[in-house]
Amino acid sequence: KDYGRSRPVNKIDDFISHTWKGGRWSKFLALCLVYNWRAAVFASWLVAVASLVLQSDAVAVIPRVTTFTASLGGELYTSSRCFGDTLACLLVFILFGVFWQDVGTPRKAFVDRFCINQTDPELKKTGIRGLAGFLKQTERLVVLWSPAYFSRLWCTYELASWIHLAKLKPHSICFIPVGFAAFLATWTSTFIVAIMILSVADVMTETMSMLVPTVVLVMLLFPLTVILARGHVRDMAALRHQLQTFSVQRARCYCCDHGHVEPSTGKEIACDRELVYSALEAWYIKRKDTDGVNGIIDKPEMPPLDYFNDLVQTTVHSHLESLNGYTLSYAHTLIASSPAFWSVLSKATYLEHLPWSDKIRYACYLGTLVFACIPTLTW
């Protein structure tokens with residue numbers, strides 16, 4: 001059924017490399033982060049701006065029913081706004097964050113579960129042996145890294161194929177730890193819950209408006225965010241150790257783990273390790289010529305498997321450290337700051353009848369909050 005959802009193509013945009021172990025939801029969040037976060041952020045910001053315009057007296061399409069008090073330059077102003085504008089931004093943010101690939105121009109991706117037949121043994125064997133061919137026709141390798149990634153033989157083989165094809169170049173690998181995606185989603189949810197509760201608190205007393213968000217954030221979401229952030233830091237330390245001590249000889253595979261016998265049928269299965277080792281030896285074996293092929297050194301001074309280990313410990317290690325998967329980038333902090341943008345802009349209706357000097361001051365405040373304060377806090 002899954003294999004039937006794939007189709008033949010001439011070129012592949014992304015090859016999704018991952019282990020079959022690990023949570024589905026963490027991988028799902030990682031893929032949403034890779035493919036949809038830009039569309040989700042900008043679409044929600046666009047809805048926030050459009051809502052402000054449609055609530056203005058000049059347009060007056062959306063009714064303003066909630067009264068609130070705002071402070072600017074030490075002066076208090078009373079105005080009104082639409083209660084559901086922030087909620088609309090949230091819904092758009094979620095819809096675009098999950099379904100943007102169905103709405104926009106989808107990228108063609110290779111996912112082993114769908115592109116390799118999992119029920120027909122012969123088709124499965126053919127698909128596995130053709131992984132290097134799929135990678136050759138791929139523009140970008142998307143690595144959904146988890147702590148078990150470099151311990152799996154086929155993940156190692158996919159990375160080896162990518163190196164052999166001389167594709168280890170800037171922007172040719174998208175490296176995203178699945179734990180990082182879970183942390184960022186939780187951190188953003190913390191801001192979203194705070195903003196939603198504060199929107200409801202506009203119609204409550206001042207005491208309740210301070211008490212409710214404080215209890216929710218401190219008692220529930222913020223500790224979870226800290227736990228996930230610390231887990232991400234530990235994962236990154238483990239990744240550096242894995243790369244520094246990498247050995248393809250220690251990598252595990254399904255066939256060897258089960259004694260080359262299929263547990264469900266009792267039939268003997270071929271050894272994947274032999275296939276991977278033969279490919280590595282063909283790529284990195286000593287040769288008499290020294291002119292180089294595809295940018296790969298043609299005459300290593302060590303056995304092929306050891307040469308590949310050294311390649312991962314040095315070249316791959318330095319390349320992955322240069323990617324954003326190790327640290328929280330500024331672009332990612334804009335995801336967490338989006339709820340603040342929605343909230344502050346939704347309360348900008350009181351600026352409509354104020355002089356332009358006050359409007360400029362508010363714009364500076366909004367820009368500083370969204371593009372400086374919250375990103376700094378997130379970092």
Side-chain angles (χ1 to χ4, degrees), residues 1-39 98-146 148-178 181 248 251 253-255 270 272 275-276 279-280 283 294 312 316 319-320 323-325:
K1 182 180 178 180
D2 291 336
Y3 182 68
R5 300 177 65 180
S6 63
R7 68 179 190 274
V9 295
N10 295 324
K11 283 288 184 181
I12 301 172
D13 295 320
D14 297 322
F15 186 104
I16 310 297
S17 180
H18 68 107
T19 67
W20 281 54
K21 297 181 179 295
R24 295 182 179 181
W25 284 106
S26 58
K27 293 179 183 178
F28 174 75
L29 290 174
L31 290 173
C32 288
L33 182 61
V34 170
Y35 291 106
N36 299 340
W37 76 267
R38 290 180 178 85
V98 175
F99 299 109
W100 170 244
Q101 289 298 304
D102 296 325
V103 177
T105 303
R107 294 178 64 86
K108 297 184 287 291
F110 178 96
V111 183
D112 49 11
R113 183 179 181 88
F114 299 99
C115 299
I116 295 179
N117 195 304
Q118 303 296 322
T119 57
D120 187 311
E122 290 302 318
L123 285 177
K124 182 177 181 179
K125 188 178 189 179
T126 302
I128 290 175
R129 293 180 182 274
L131 280 175
F134 290 121
L135 285 163
K136 186 176 182 180
Q137 301 300 322
T138 299
E139 293 183 1
R140 183 176 66 164
L141 180 67
V142 178
V143 177
L144 303 183
W145 181 85
S146 62
Y149 184 86
F150 283 103
S151 67
R152 305 306 300 178
L153 186 65
W154 280 112
C155 294
T156 300
Y157 178 70
E158 291 163 2
L159 186 60
S161 301
W162 197 254
I163 297 172
H164 174 67
L165 295 168
K167 291 192 172 186
L168 202 63
K169 302 173 182 177
H171 310 297
S172 68
I173 294 183
C174 176
F175 178 80
I176 176 72
V178 295
V248 68
C253 57
Y254 179 84
C255 58
D272 295 337
L275 171 63
V276 173
L280 292 176
W283 294 339
N294 293 331
V312 173
V316 175
H319 185 81
L320 292 184
L323 302 178
N324 285 336

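Residue numbers count from 1 along this sequence.
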Quick check: closest heavy atoms across [X] and [Y], and the distance to 0.1 Å?
X	Y	result
Ala181	Leu29	CB-C, 3.8 Å
Cys115	Ala109	SG-O, 4.3 Å
Phe134	Gly127	CE1-O, 3.8 Å
Arg5	Phe114	NH1-CE2, 3.9 Å
Arg152	Ala251	C-CB, 4.1 Å

As an exercise, state the distance from [atom1] of [X] to [atom2] of [Y], rounded to the nearest 0.5 Å.
X	Y	atom1	atom2	value
Ile16	Leu31	CD1	CG	5.5 Å
Lys27	Ile176	NZ	CD1	14.0 Å
Leu135	Leu159	CG	CG	9.5 Å
Tyr157	Asp272	OH	CG	10.5 Å
Trp145	Phe150	CH2	CZ	8.5 Å
Asp13	Lys108	CG	NZ	4.5 Å

Any side-chain heavy atom of [X] sitting closer than 4.5 Å to one from [Y]?
X	Y	result
Tyr254	Leu153	no
Val142	His18	no
Thr19	Cys155	yes

request  = Classify the angle between the aromatic ring planes of Trp25 and Phe28 as parallel (below 30°), tilted (30 to 60°) or perpendicular (above 60°).
outcome  = perpendicular

message = Using 30° and 60° as the class boundaries, would you call the ring planes of Phe110 and Phe15 parallel, tilted or perpendicular?
response = parallel

ask   = Can Trp154 and Leu131 be said to form a side chain to side chain contact (heavy atoms under 4.5 Å, CB included), step by step?
value = CA-CA 10 Å; Trp154 280 112; Leu131 280 175; 3.7 Å; yes

task = Start with the C-alpha distance between Thr156 and Val276, add both sets of side-chain angles, then the distance that settles side chain to side chain contact (heavy atoms under 4.5 Å, CB included), and finish with yes or no.
result = CA-CA 9 Å; Thr156 300; Val276 173; 5.9 Å; no

inquiry  = For Tyr35 and Asp14, which I'm curious about, is there any donor-acceptor pair between the side chains at under 3.5 Å?
reply    = yes

key: Backbone N/O of Asn36 and side chain of Gln101: donor-acceptor pair under 3.5 Å   = no

